[in-house]
Each structure stands twice: as structure tokens, then as C-alpha cells.
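Before any comments, here is the structure.
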Amino acid sequence: MASLRRLPGSRFFIGCFTDHAGKRIQRSTKTTDRRLALKIVAEWENITRSHATSAQFQRVLSAMHTTLHGTPLAAPTLRNYADKWFDHKARTTREVSLRNYKVAVNDFVEAMGLAADKPIQFITTGAITAWQNASADRASNRTALNKLKIVRTLFQSAWREGHLPDGNPASKVEALKKEESTRRPFTLPELKRVLDACGDGPWRGMVLLGLYTGQRLKDLASLTWRAVNMKENEINFITSKTGRAQSIPIASPLRAYLETLDAGDDPDQPLFVSLHPLAVRAGGTSALSQAFHGILCDAGLATAWSKQSTGKGRSAPRTKSAVTFHSLRHSATTLLKNAGASEAVTMDIVGHDSKAVSANYTHVDATSKRAAIAKLPDITS
């Protein structure tokens, strides 16, 4: 039979009850109200004999508190906790990671619908699994995996703070298998078709930068004139993904293009004024990728994503393209190696971490990089 007791020095009632196996259990009711404590421990005894979960205990406790005091026990909703968690991350996380966190968490909260405004412990592993699968259908397994990692971190924090009596539900989600990459480099004829499709707009410069530096879409769209040293014929910046300091010689075709641009007097002016806002905002990389996909379609190298209903709703998967902006990174690597550049020089220019390039053991001098860049073909001629 359920009963109460108090420990010396504690103001809370301890509930004593018997579980389904006949074991006597003692647990703090976290209340000084005797009437509430008696109801709580009686409910606990009833529930534990039916193998209820800890979350159900939490519901009982909150219901009893509402009955006696008119308000539920304080428990953050998913939406409220996500806001609090993100505010904390804003103080401890690099800006690029913070943007990724915001995109993933906002997507998850919105996907939970009405459940986002209920206590966070009511979010189930099944709901998180369904969200992961929908994310994969809309984009890719890799994108879904990256988002799941962020959501797992959020729930792990909630567990450490005592909001998840049943543990981290996201940790129980079976991760999707990683897809084998179907990306390939561009051929030289394809690169010329892409340049033709770009016309004289900013994407022409982005393609030249992508090919002759091997850098990522986001970093290139974020560049300002401060990064461009025409006197030393170098582009210098810090990569957003790895924080690596890059110093890349400017290839002749790229320099010829840069000389046609108006640098102005402000070194913080973006190279590409129309693209820069997308590069620095949360989710902007997706918009940049979509814009480049349109150029690939104009060049006849990709198929337009249909806006018509397929009967599968938003979860209908997009057709994967064999070439994307990231293919320029592969192209740069391939062309450098074909031109005879060593593994170390190639990896230093492109920015890959490898055994061939280590800040502790290998120094790739500027002369070697300039020699390698000078051997790259001119796709503008």
C-alpha cells in the first residue's frame, strides 16, 4: 500500500509504493503538500504495476498539480526549449555552425506541428524518425543525417537538464545509411557550356572562382574585396566549414575577370553584391544551390525540378544531378593533378585535409602553388 515519509533535513514527502514485481520503491514527490503527495504516490503505484513509462509518471505529476493548484508543473515546450537552447548556442558556437543549427532546429520544430507547444518530454522517437525520413526524401540522406545530429544535441541538453525522464528520444533513432556520392567533375566542354549559360552575370565569376580555387559555394559567395590582393595576385580568406586559412594564387583567366569588376573604395564590399546576402543568411546556401541548378538546366546539364504535384506531397524526392557547384571542387582537383601538381600542392590549394598536407609536417610554398595554378587550362578562350 502506498505511503509517505520524510527524510531528516528534507522538506519534500517521500512516496513509498510497491511495483509490479513486488519491490518496494521510494521516490521523492517533490512536493510539501501532503494531500498532493498522497495522490501522486497512489497514482505511481497504479501506473508502475502496468509497466508505464517515466513520461507517464510526469503526466500524472503534472495532472495532480493542476488539480490542486490550477496550473501544471513547469515543463518547457519543445518550441520554448529550442529557443532557449539556441540562445545558449549563440554564445558558444561559430557563426557558420549556428546557422546550420537554426535551420535544422526550426525545420524540426515546425515539422512537429501542435506537439511543438506541448512539454518536450512528449516528443517520441517515432516522431523524430518520421521527420528524419521526410528530410531525406526532400533532400538527401546526408542532409537528414546532419540535421538529426543537431536535434540529438538539443535533446541531449534537455536530458541533462532533467526534462526528459525517459532519456534522449533522438538517440534511439536509427540513422539512415550514407549514400554513395554520384557527383563527378565537369568536363572542359561542359565548363564552357556553363560559362555560356552564365552570361556576364555574377555566376560567371562564381564559376571561375570555383574552378580556379576549388573552394566551396558559400565561401566564394561570401568573399569581399578585402580577400583579394591583386598586388600579390592572391586570394586570402578563412573557410567557414573548417576554419582553415587559405592563400590561393589567382589564375590568369580569373584575374582577367576580376579586373572587369568595380572594386570601389570599401574593402568590405562583396565581390558579388546580389549573391552575398544569400551566403550570410541561414538557409541561404540552399537558395544559392538552387540558382546554380537553374544555370545547369540552361546549359543542358541538369533537369529542372518540377513544381507540379507528384501525388507524394512535399516529401517527394528531387532528382539528383550528377553535377552541382561542388563539382567545380572536384574539377579543380582533377585538373591540378592532370597538370602534374603533387598531392600535397593540390590538397593545399583545394583545402582538403589529408596525410599529404599537415600544418605540423608539410609546408607548401607559394611558388609551388603558383606554378600549379599557371598550368590550369583557360576555359574562357
I'd like to know if the side chain of [X] pairs up with that of [Y] as donor and acceptor (distance under 3.5 Å, no hydrogens or angles considered).
X      : Y      : answer
Ser368 : Asp365 : yes
Asp107 : Trp131 : yes
Arg255 : Asn233 : yes
Thr334 : Ser331 : no
Thr31  : Asp33  : no
Ser286 : Ser289 : no
Asn229 : Glu234 : no

Does [atom1] belonging to [X] count more than 12 external heavy atoms closer than 6.0 Å?
X      : atom1 : value
Arg11  : CZ    : no
Glu174 : CD    : no
Lys118 : NZ    : no
Arg91  : CZ    : no
Asp200 : CG    : no

Passes side-chain contact (heavy atoms from CB on, under 4.5 Å), Arg5 versus Gln26? Steps please.
CA-CA 9 Å; Arg5 63 186 290 256; Gln26 298 186 51; 2.7 Å; yes
Could you walk me through whether Arg24 and Thr18 pass side-chain hydrogen bond (donor to acceptor under 3.5 Å, both in side chains), step by step?
CA-CA 4 Å; Arg24 195 68 174 165; Thr18 304; 2.9 Å; yes
Roughly how far apart are [X] [atom1] and [Y] [atom2], rounded to 0.5 Å?
X      : Y      : atom1 : atom2 : answer
Leu271 : Leu258 : CG    : CG    : 6.0 Å
Thr29  : Phe13  : OG1   : CZ    : 7.5 Å
Met112 : Leu78  : CE    : CG    : 7.5 Å
Ile379 : Tyr212 : CD1   : OH    : 4.5 Å

Sole candidate of Ile235, Leu220, Ile349 that passes side chain to side chain contact (heavy atoms under 4.5 Å, CB included) when paired with Gln215:
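It is Leu220; the other options fail the test.
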[X] side-chain N/O to [Y] backbone N/O, donor-acceptor pair under 3.5 Å:
X      : Y      : value
Arg329 : Val350 : yes
Thr346 : Glu343 : no
Asn168 : Arg152 : yes
Gln290 : Ala287 : no
His293 : Thr303 : yes

Could you go step by step and tell me if Thr224 and Asp268 meet the side-chain hydrogen bond (donor to acceptor under 3.5 Å, both in side chains) rule?
CA-CA 5 Å; Thr224 66; Asp268 292 321; 4.5 Å; no
State whether [X] and [Y] are salt-bridged, where the test is any N-O pair (Lys NZ or Arg NE/NH1/NH2 against Asp/Glu carboxylate O) under 4.0 Å.
X      : Y      : result
Lys39  : Glu43  : no
Asp378 : Lys192 : no
Arg204 : Asp196 : no

Is there a side-chain contact (heavy atoms from CB on, under 4.5 Å) between Thr285 and Leu278 once you walk through the steps?
CA-CA 7 Å; Thr285 304; Leu278 294 175; over 6 Å; no
Are [Y] and [X] connected into the same hydrophobic cluster when the rule is that any two of I, L, V, M, F, W, Y join if their side-chain heavy atoms are below 4.5 Å apart?
X      : Y      : value
Leu296 : Leu188 : yes
Leu209 : Leu195 : yes
Leu154 : Leu145 : no
Leu176 : Val173 : no
Leu261 : Met206 : yes

Please determine whether ring pair (Phe, Tyr, Trp, His ring centres under 6.0 Å) holds for the pair Phe272 and Trp203, giving the CA-CA distance in whole Å, both sets of side-chain angles, and the decisive distance to 0.1 Å.
CA-CA 9 Å; Phe272 309 110; Trp203 279 105; 8.3 Å; no
Derivation of the side-chain contact (heavy atoms from CB on, under 4.5 Å) call for Leu288 and Lys218
CA-CA 8 Å; Leu288 288 169; Lys218 177 181 178 59; 5.7 Å; no
Going by ring pair (Phe, Tyr, Trp, His ring centres under 6.0 Å), Trp85 matches just one of Trp159, Tyr101, Phe155. Which one?
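Only one option passes, and that is Tyr101.
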Tell me whether the rings of Phe292 and Phe325 are parallel (<30°), tilted (30 to 60°) or perpendicular (>60°).
perpendicular
Please verify the inter-ring angle class for Tyr81 with His163; under 30° counts as parallel, over 60° as perpendicular, anything in between as tilted.
perpendicular
With a 4.5 Å limit on heavy-atom distance, are the side chains of [X] and [Y] in contact?
X      : Y      : value
Glu110 : Arg79  : yes
Ile248 : Lys369 : no
Phe237 : Asp219 : yes

Does Lys147 form a side-chain contact (heavy atoms from CB on, under 4.5 Å) with Gln132? I'd like the steps, not just the answer.
CA-CA 8 Å; Lys147 287 184 174 182; Gln132 177 194 223; over 6 Å; no
Phe12 six-ring face occupied by Arg6 cation (under 6.0 Å, within 45°)
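No, Arg6 does not lie over the aromatic ring of Phe12.
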